[in-house]
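Everything on this sheet refers to the single structure shown next.
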Amino acid sequence: MAGEIPLLVIVGPTASGKSALAMELARSCGAEILSVDSMQVYQGMDIGTAKPTQRQRREIPHHLLDRVRPDEQFSAARFVEMADRVIEESNARGAKLIATGGTPMYFKALFEGLFEGPSADEALRKRLRAMSGPELHERLKQVDAAAAERIHAADSRRLVRALEVYELTGQPISTLQKQWERQQPARHRAVWIGLRWEREALNRRINARVKEMIEAGWVEELRGLLAEFPVLSKTAREATGYAQLVDHVMGRIGLDEAVEQIKIDTRQLARRQMKWFRRFRNVQWLEGQNEIARNAEDARRMWGLAS
RNA sequence: ACGCCAGUAGCUCAAUUGGCAGAGCAGCCGUCUCCAAAGCGGCAGGUUGGGGGUUCGAUUCCCUCCUGGCGUG
């Protein structure tokens, strides 16, 4: 029966060693890798997103890398659609799949689903965004008091989304979102493992890795990218470090200043990721500082593939 | 050595004619259902360089010492 082997999910903060562990496992189990990452989908953004190298990708098939142009918008919904297709197709072939990456929201959306509602409508959003936070909040209170209660008046992004959903469907987002409350079975069967680190140790790894990325030519890569795509899409631009490096390339800030800020942003990113992943209750944690071989062996056992 | 300027939260800086020492960033906690590497909320943080003086009251005025910067020797 197709789909008999569950997915292996590997979560963990940036720089925790997810990719290395996934590669090791893929090699030893003959599995393929599904990237669950909002930034590695972008073409041409390689160094700063720590994308697996061409060499690694020749060795092990990777899915959902380089699927979007850097001037294109991307979203959780598009990700889920693409990932579902990859999983379905892998199941059909009987291929084992390891899902790993740094975007917690995408894991949640992929396994728990998004509520059935309208997708982003940029024109409508633009119209709504012209209003101030309190105005949006007041307006939402009229049509969806429950949502207005939960969303802070300053959180214009969520206020805009809630109003967008209401205008497009005539239904309050708070009602539609209840779909998620029913304990539905997970959309895909999976074994979840995570890599965790003591915070200070991870910070040191992050600082070192940012430095390595710069030495590996991140700035030059970005210059080339900007030559082809002078304006990155709103979502692509949100990748950690890219805004600072764009400022540097434009001559607005020095490289040292940009690098320091990137280190700070990356540490903050890692913290937010850890907070999310801690809330995924079915994750079995492995210690990041262990030898890869040891973690891989544990992971294989958890996946039910012990030799 | 002399002169001038500065010293306030981890960092960068605010504080009206002397009147309860604030903000941004970093840090910590929380939130998150089609932008999520995003967005949003909260908390903590200070013998105002040290010492003395004037005053009901000094970050603010006076004296002195320390530290840093600039200028002249």
Side-chain angles (χ1 to χ4, degrees), chain A residues 12-16 18 35-42 45 48-51 68 72-83 101-122 124-126 128-129 133-134 136-137 146-147 149-162 164-165 168-169 171-182 184 187 199-200 203 206 209-210 213 232-245 257 260-280:
Chain A
T14 188
S16 60
K18 296 185 296 294
S35 164
V36 183
D37 196 290
S38 61
M39 296 302 162
Q40 291 184 356
V41 292
Y42 281 110
M45 294 170 62
T49 64
K51 198 180 286 174
V68 183
E72 243 183 285
Q73 290 253 119
F74 195 64
S75 71
R78 282 188 65 191
F79 168 77
V80 171
E81 208 176 293
M82 290 171 151
T103 307
M105 167 75 173
Y106 285 10
F107 282 104
K108 195 170 176 88
L110 179 59
F111 288 92
E112 297 180 22
L114 296 164
F115 72 89
E116 288 154 33
S119 51
D121 180 333
E122 277 310 316
L124 175 55
R125 285 185 181 188
K126 199 169 176 186
L128 290 167
R129 255 187 246 118
L136 291 166
H137 197 243
E149 176 78 20
R150 278 196 324 161
I151 305 174
H152 193 274
D155 194 351
S156 49
R157 199 179 270 212
R158 287 197 172 67
L159 292 170
V160 165
R161 173 59 180 160
E164 172 187 63
V165 168
L168 261 28
T169 66
Q171 289 197 73
I173 193 171
S174 58
T175 305
L176 294 169
Q177 286 178 337
K178 291 223 171 77
Q179 292 170 4
W180 230 12
E181 279 168 19
R182 298 200 299 270
Q184 300 165 324
R187 300 177 69 250
R199 195 173 280 192
E200 277 309 309
N203 285 347
I206 286 170
R209 196 173 70 158
V210 170
M213 286 173 167
L232 302 181
S233 75
K234 198 157 48 165
T235 37
R237 215 178 9 230
E238 288 174 346
T240 297
Y242 281 81
Q244 284 84 359
L245 284 190
E257 189 187 339
E260 279 318 300
Q261 194 55 50
I262 291 170
K263 287 178 182 173
I264 290 168
D265 284 5
T266 308
R267 294 197 296 261
Q268 291 179 336
L269 164 65
R271 256 178 274 132
R272 264 179 284 131
Q273 289 171 317
M274 287 189 273
K275 286 176 186 185
W276 264 101
F277 291 139
R278 260 187 255 133
R279 287 164 53 181
F280 293 173

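Only heavy atoms go into these numbers, but all of them, side chains included; no hydrogens, no water, no symmetry mates. We name chains A, B, ... by the order of the sequence lines, and we start the count at 1 in each one.
Considering only side-chain N and O atoms, A:Gln268 lies under 4.0 angstrom from the phosphate OP1 or OP2 of B:G27. OP1 or OP2 of B:C35 has at least one side-chain nitrogen or oxygen of A:Arg125 nearer than 4.0 Å. An OP1 or OP2 oxygen of B:U31 is reached within less than 4.0 angstrom by a side-chain nitrogen or oxygen of A:Arg279. Close to B:C28, at under 4.0 Å from its OP1 or OP2, lies a side-chain N or O of A:Arg199. For the OP1/OP2 pair of B:A37 and a distance below 4.0 Å, the side-chain nitrogens and oxygens of A:Thr103 include at least one atom meeting the criterion. Residue A:Thr14 places no side-chain N or O under 4.0 Å from the OP1 or OP2 atom of B:A37. Put simply, A:Tyr106 has a side-chain N or O that comes within less than 4.0 Å of OP1 or OP2 on B:A36. At B:U33, none of the side-chain N or O atoms of A:Arg161 fall inside 4.0 Å of OP1 or OP2 (strictly under the cut-off). Between A:Arg271 and B:C28, a side-chain N or O to OP1/OP2 separation shorter than 4.0 Å is present.
Rounded to an integer number of Å, the gap from CD of A:Gln177 to C1' of B:U33 is 5 Å. To the nearest angstrom, P of B:C32 lies 14 Å from NE2 of A:His152. Across the protein-nucleic acid pair, A:Leu114 atom CG and B:C35 atom P stand 10 Å apart, rounded to whole Å. Nucleotide B:A36 holds its P atom 8 Å from the CZ atom of A:Arg157, rounded to whole Å. Look at CZ on A:Arg150: it is 8 Å from C1' on B:U33, rounded to the nearest Å. Rounding to whole angstrom units, CD of residue A:Glu257 and C1' of B:C11 are separated by 13 Å. In this structure, the CD atom of A:Gln244 is 14 Å from the P atom of B:C25, given to the nearest Å. For the pair A:Arg187 CZ and B:U33 C1', the interatomic distance rounds to 12 Å; values are reported in whole Å.
No hydrogens or angles were tested; on distance alone, nothing pairs the side chain of A:Asp265 with the base of B:A37 as donor and acceptor under 3.5 Å.
Between A:Val80 and A:Tyr106, every side-chain heavy-atom pair lies at or beyond the 4.5 Å cut-off.
Using atom C1' as the reference point in both B:C25 and B:G68, the two lie 23 Å apart (nearest Å). Taking the P atoms as reference points, B:C61 lies 15 Å from B:A14, given to the whole Å. B:U33 and B:U12 have their C1' atoms separated by 39 Å, with the value rounded to a whole Å. Going from the C1' atom of B:G69 to that of B:C62 covers 24 Å, rounded to whole Å. Distance check on atom P: B:U60 versus B:G49 gives 8 Å, rounded to whole Å. Comparing the P positions of B:U16 and B:G52 gives an interatomic distance of 26 Å, to the nearest angstrom.
Mapping A:Gln273 and A:Arg267 onto RNA chain B via the closest heavy atom, the residue that lands nearer the 5' end is A:Arg267. Residue whose closest nucleotide on RNA chain B sits further toward the 5' end, between A:Glu238 and A:Gln261: A:Gln261.
Checking B:G3 for Watson-Crick or G-U wobble geometry (two distances, each under 3.5 Å) identifies B:C70 as its partner. B:G45: no Watson-Crick or G-U partner with both key distances under 3.5 Å is found in any strand. With a cut-off of 3.5 Å on both Watson-Crick or G-U wobble distances, the partner of B:C35 is given as none. Partner assigned to B:U16 is none, using Watson-Crick or G-U wobble distances below 3.5 angstrom. Nucleotide B:G24 forms a pair with B:C11, judged by Watson-Crick or G-U wobble geometry with both contacts under 3.5 Å.
The listed nucleotides are B:C35, B:U33, B:A36; the one nearest the side chain of A:Trp276 is B:A36. Side-chain proximity of A:Ser119 to B:C34, B:G30, B:A37: nearest is B:C34. Between B:A36, B:A37, B:A26, one nucleotide has an atom nearer to the side chain of A:Met105 than all others, and that is B:A36.
For the pairing with A:Asp265, the side chain to side chain contact (heavy atoms under 4.5 Å, CB included) check across A:Lys263, A:Gln268, A:Arg267 returns one residue only, A:Gln268.
Using a distance-only test at 3.5 Å, with no hydrogens or angles considered, no donor-acceptor pair links the side chain of A:Asp37 to the main chain of A:Thr103. Judged by distance alone, with hydrogens and angles left aside, the side-chain atoms of A:Gln73 form no donor-acceptor pair with the main-chain N or O of A:Ser233 at under 3.5 Å.
Inspection of the A:Thr266 and A:Arg209 side chains reveals no N or O donor paired with an N or O acceptor under 3.5 Å. One side chain, A:Arg150 or A:Gln177, offers a donor N or O that lies under 3.5 Å from an acceptor on the other. A donor atom on one side chain and an acceptor atom on the other are not found under 3.5 Å apart for A:Tyr242 and A:Thr49.
Contacts of A:Arg237 with the nucleic acid, taken as non-hydrogen atoms under 4.0 Å apart, are absent. Among the heavy atoms of the strands, none lies under 4.0 Å from A:Gly133. Nucleic acid contact class of A:Gly117 (heavy atoms, under 4.0 Å, all strands): base. Among the protein residues, A:Thr235 comes within range of the sugar-phosphate backbone only, with heavy atoms under 4.0 Å from sugar or phosphate atoms but none that close to a base. Contacts of A:Thr49 with the nucleic acid, taken as non-hydrogen atoms under 4.0 Å apart, include base atoms. If you check every strand for non-hydrogen atoms under 4.0 Å, A:Phe74 touches sugar and phosphate atoms only. Using a 4.0 Å heavy-atom criterion, one finds that A:Arg158 contacts the bases of the nucleic acid, with or without backbone contacts as well.
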*asked:* Before you tell me yes or no, could you show the steps for A:Glu112 and A:Arg187 under salt bridge (charged side-chain N to carboxylate O under 4.0 Å, His left out), namely the whole-Å CA-CA distance, both residues' side-chain angles and the distance that decides it to 0.1 Å?
replied: CA-CA 6 Å; A:Glu112 297 180 22; A:Arg187 300 177 69 250; over 6 Å; no
